[in-house]
Amino acid sequence: MDVTAILDPLNDAQREAVTSPLEPVLVLAGAGSGKTRVLAHRVAWLCGVEGVSPHGVLAVTFTNKAAGEMRGRIESLLGMPAGSLWVGTFHGLAHRLLRMHWREAGLPQTFTVLDSDDQLRVVKRVLKDLELDDSRHPPRELQWFINARKDEGLRAEHLDAGDDPNRQVLIRVYAAYQAACDAGGLVDFAELLLRAHELWLQNEDLLAHYRRRFGHVLVDEFQDTNTIQYAWLRNLAGPGGVPFVVGDDDQSIYGWRGAKVENLRRFQKDFPKTRLVKLEQNYRSTGNILNAANALIANNAGRLGKRLWTEGIEGDPIRVYSAFNERDEADFVIGRIKALADSGTPYSDMAVLYRSNAQSRVFEEALITQRIPYRVYGGLRFFERAEIKDALAYLRLIANRGDDPAFERIVNVPTRGIGARTIDALRDYARANMTSLWNAAGHLASDEGVNRRTSNAVRAFLTLIEALDAHTRGLDLHEQVDHVIEASGLVAHHGKDKSERGDARVENLQELVSAARGFEPAPDSEMRLVDEFLAHAALEAGEAQGGAWEDCVQMMTMHSAKGLEFPTVFITGMEDGLFPHQRSLQDPRGLEEERRLCYVGATRAMRELYLTYAEQRRLHGIDTYGLPSRFISELPGELVEEIRPHVQVSRPYAPAAPRRAETTPSGISLGQRVRHRKFGEGVVLNYEGQGHHARVQVNFENEGAKWLVVAYANLETM
DNA sequence: CATACAGACATAAAC
DNA sequence: TGTCTGTATG
């Protein structure tokens with residue numbers, strides 16, 4: 001084992017963390033301080049120097065991507081594949097455990113993993129079964145409630161509604177939802193974690209076994225753990241355990257989905273001899289950017305405390321641009337993008353960040369008109385697309401006839417004459433007889449009292465599924481998928497749609513066949529390949545879009561920017577109410593999370609950071625006038641450079657004949673003939689103000705005299 | 001049963 | 001203002 005390869009690339013703090021004695025370690029790792037590297041090198045250190053077998057190491061991340069990268073780095077450091085090393089997401093690891101110990105966990109061997117979309121369907125169905133009005137009890141809220149309780153480790157029977165009738169309903173739905181899942185062998189994401197946690201609690205032997213096996217547990221992005229994940233982890237490590245966790249309280253931006261920053265302090269309390277290592281040297285950004293970020297985050301209370309520094313240059317100041325409105329904001333950003341591109345910067349070195357997805361529109365439109373390539377992060381990912389989920393639902397139903405969500409999803413896709421009424425009847429029967437929709441359908445198909453057309457349609461569906469089952473048996477996975485998408489009629493169904501959308505769907509279905517062909521199961525899996533593929537599809541939604549590697553401007557929310565870096569970053573929409581978001585202003589904790597989000601955004605920038613805001617913004621169809629975000633004023637003035645707007649008409653004015661025409665600050669002369677897109681041609685009569693606020697009075701031939709804001713009016717000189 | 005239309009609604013998102 | 005959802009309509 002080459003120890004220098006492990007230690008040489010590390011600075012002192014990183015090395016301290018990596019070579020810590022076998023005791024609990026909390027690494028407070030600032031943005032861009034090399035935390036992933038520390039984690040990977042720690043594993044390499046344990047295996048290469050401390051003599052720990054990879055078999056005894058468990059590394060946990062929050063995304064599959066991070067897990068994949070982690071394994072890659074570890075294996076390249078160790079110089080060999082480490083198959084027995086467990087690296088994965090909390091959900092992936094929990095899933096693995098439950099597959100291995102389904103009996104102890106009280107699950108059927110063939111349980112199905114529900115994604116949030118499936119879960120919502122089940123909730124809706126439960127609401128119907130309970131005859132609750134879904135406008136008074138929005139399914140999404142119920143779903144949220146159920147997941148939040150599970151994330152806290154609470155089951156319906158642990159909850160007490162008191163006299164609150166609304167809460168009584170919530171709890172009733174939770175209980176009914178869980179009963180439906182249990183009956184159908186369905187496990188949602190939160191349930192994976194909760195079951196895995198209960199598996200520890202209820203099986204001492206099992207827990208003891210895994211404690212013995214995993215003497216070394218490592219966790220990335222520890223500030224993002226929720227209650228149940230932390231409990232699971234703490235149990236696994238055990239009282240004398242030596243977990244190694246890496247996180248940053250200043251980058252905790254997922255409180256709204258259950259993450260508990262408090263887990264950092266809790267860790268120090270639960271593992272009293274914890275060694276705390278701070279990584280504060282930053283290898284990403286300029287000094288000015290770091291100082292601005294430090295100053296900003298210093299406004300938060302109760303931090304563990306950390307100050308980023310760099311050996312690198314001070315760099316450019318933070319540039320703040322005050323736009324007249326959101327279109328001017330986009331024009332400014334795109335102007336800078338063009339200028340950078342002209343001087344040789346690749347588009348992919350530039351990122352436009354915003355608080356909410358809706359803000360991307362204006363930028364997209366402007367980028368399209370300027371023919372600048374861009375990529376928007378977010379949106380539906382491969383396995384979340386409707387046509388893919390339909391195809392998977394066929395596979396699910398073939399594999400497990402009791403999978404009601406799958407049944408409901410495809411019973412009439414493509415349409416085969418089984419409408420809402422029929423499905424209602426099936427549901428009623430299934431509920432009354434405590435059985436699956438599949439069995440209900442079997443009953444209805446042979447029921448003399450039912451409309452012939454209906455029973456025929458249902459029978460045809462049953463026959464189809466049985467036929468698919470029979471035909472796919474023994475085939476390779478990709479052949480199964482291929483057969484299913486063809487014989488189910490899905491391909492023909494989408495093929496009839498001659499639009500671009502239809503073509504894309506057919507392509508996606510074919511892509512699913514390729515995905516199946518390339519699918520590799522875990523080496524020690526005892527599951528059938530289809531089942532494993534289905535679980536994979538639920539647990540790993542896949543990439544959002546192809547073309548990620550093309551040279552294009554990167555656009556995304558600040559949340560999705562976490563973990564990424566770009567030479568030039570534009571943080572847009574810096575207005576109070578937008579960022580910090582209105583809904584976070586009520587409580588101080590919400591505001592602090594927004595500030596951390598701003599910190600995350602700012603620390604994405606390597607060389608240049610721009611902050612932009614619009615004085616006027618069209619939101620949901622109405623014009624709003626916002627104030628610059630308070631986060632801007634929290635930056636030290638000496639680090640900030642305000643960019644003076646230079647208002648220009650589309651063609652600089654070249655005086656034709658008149659001498660010494662009085663010129664407005666924006667370059668338009670009095671008496672000048674101008675053209676406006678809507679109002680037509682006219683003559684400039686007067687002007688006032690400067691910069692953004694510069695306005696001119698134009699006497700239009702058809703519309704009469706009007707005051708226009710030069711920055712916005714887009715006047716053409718003639 | 002597919003499409004049209006009205007009405008509601010609008011923070012962020014991995015597994 | 002744009003998008004999505006559910007219902008009305010042909």
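Each chain gets a letter, A, B and so on, in the order its sequence line appears, and its residues count up from 1.
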Watson-Crick/G-U partner (both atom distances under 3.5 Å) of C:dT3
B:dA8
side-chain N/O A:S584 vs B:dT11 OP1/OP2, d < 4.0 Å:
no
Without hydrogens or angle criteria, can the side chains of A:D188 and A:Y177 be said to hold a donor-acceptor pair below 3.5 Å?
yes
Pair A:R327 + A:E365: basic N to acidic O under 4.0 Å
no
Nearest-Å distance, CG (A:L564) to P (B:dA14)?
12 Å
Provide the distance between the two P atoms, one in B:dA13 and one in C:dC4, to the nearest whole Å.
15 Å
Given B:dA14, B:dA2, B:dT11, which nucleotide is nearest the side-chain atoms of A:R381?
B:dA14
Rounding to a whole Å, what distance do you find between A:R617:CZ and B:dA10:P?
19 Å
Assess whether side chain to side chain donor-acceptor pair (under 3.5 Å) is satisfied between A:S116 and A:Q119, documenting all intermediate values.
CA-CA 5 Å; A:S116 17; A:Q119 185 187 34; 5.8 Å; no
For the side chain of A:H620 and the base of B:dA10, is some donor closer than 3.5 Å to an acceptor across the two?
yes
Check every strand shown and say whether A:S560 touches a base, only sugar-phosphate, or nothing at a heavy-atom separation below 4.0 Å.
sugar-phosphate
Looking at B:dC15 and A:H91: do their rings stack (centroid distance under 5.5 Å, interplanar angle under 30°)?
no
Using a 6.0 Å distance limit plus a 45 degree cone around the ring axis, check whether A:R385 lies over the aromatic ring of A:F382.
no
Between B:dA12, B:dA14, B:dA2, which nucleotide gets closest to the side-chain atoms of A:T415?
B:dA2
So what does A:D115 touch, heavy atoms closer than 4.0 Å: a base, only the sugar-phosphate, or nothing?
nothing
Residues A:E152, A:R149: salt bridge by 4.0 Å N-O rule:
yes
Starting at atom CZ of A:F363, determine the distance to atom P of C:dG2, rounded to an integer number of angstrom.
16 Å
Between A:K496 (NZ) and B:dC1 (P), how many Å, whole number?
11 Å
Base, sugar-phosphate alone, or nothing: which one does A:L93 contact when heavy atoms must sit under 4.0 Å apart?
nothing
Counting heavy atoms from C-beta on, name the nucleotide in B:dC1, B:dA12, C:dG6 closest to the side chain of A:K124.
C:dG6
Closest nucleotide of DNA chain B for A:G621 versus for A:G419: which of these residues is on the 5' side?
A:G419
Using OP1 and OP2 only, check whether a side-chain N or O of A:T89 sits under 4.0 Å from B:dA14.
no
Do A:R355 and B:dA12 have a side chain to base donor-acceptor pair shorter than 3.5 Å?
yes
Please report, rounded to the nearest Å, how far the P atom of B:dA12 is from the CG atom of A:L578.
11 Å
Pairing of A:R121 and A:D403 as salt bridge, 4.0 angstrom limit
no
Looking at A:R361, does any N or O in its side chain come under 4.0 Å of the phosphate oxygens OP1/OP2 on C:dG2?
yes
Examine B:dC1: is either OP1 or OP2 under 4.0 Å from a nitrogen or oxygen in the side chain of A:R416? Give yes or no.
no
Could you check how far NE2 of A:H95 sits from C1' of B:dA14, rounded to whole Å?
16 Å
Rounded off to whole Å, could you give me the CG-to-P distance for the A:N357 and B:dT11 pair?
11 Å
Please determine, for the side chain of A:Y254, which listed nucleotide (B:dT11, B:dA13, B:dC15) has the closest atom?
B:dA13
Is A:F62 touching bases, backbone alone, or none of the nucleic acid, heavy atoms closer than 4.0 Å?
sugar-phosphate
If you measure from the Lys or Arg side-chain nitrogens to the Asp or Glu carboxylate oxygens, is any gap between A:D220 and A:K35 under 4.0 Å?
yes
Figure out the CE/P separation between A:M558 and B:dA14, and round it to whole Å.
16 Å
When we call it a touch if two heavy atoms are under 4.0 Å apart, what does A:G417 touch: a base, just sugar-phosphate, or nothing?
sugar-phosphate
Can you identify which nucleotide, out of B:dT11, B:dA14, B:dA13, has its nearest atom closest to the A:R583 side chain?
B:dT11
Reading DNA chain B from 5' onward, which residue's closest nucleotide shows up sooner: A:E593 or A:A190?
A:E593
Does A:N64 reach a base, just sugar-phosphate, or nothing at all? Heavy atoms under 4.0 Å.
sugar-phosphate
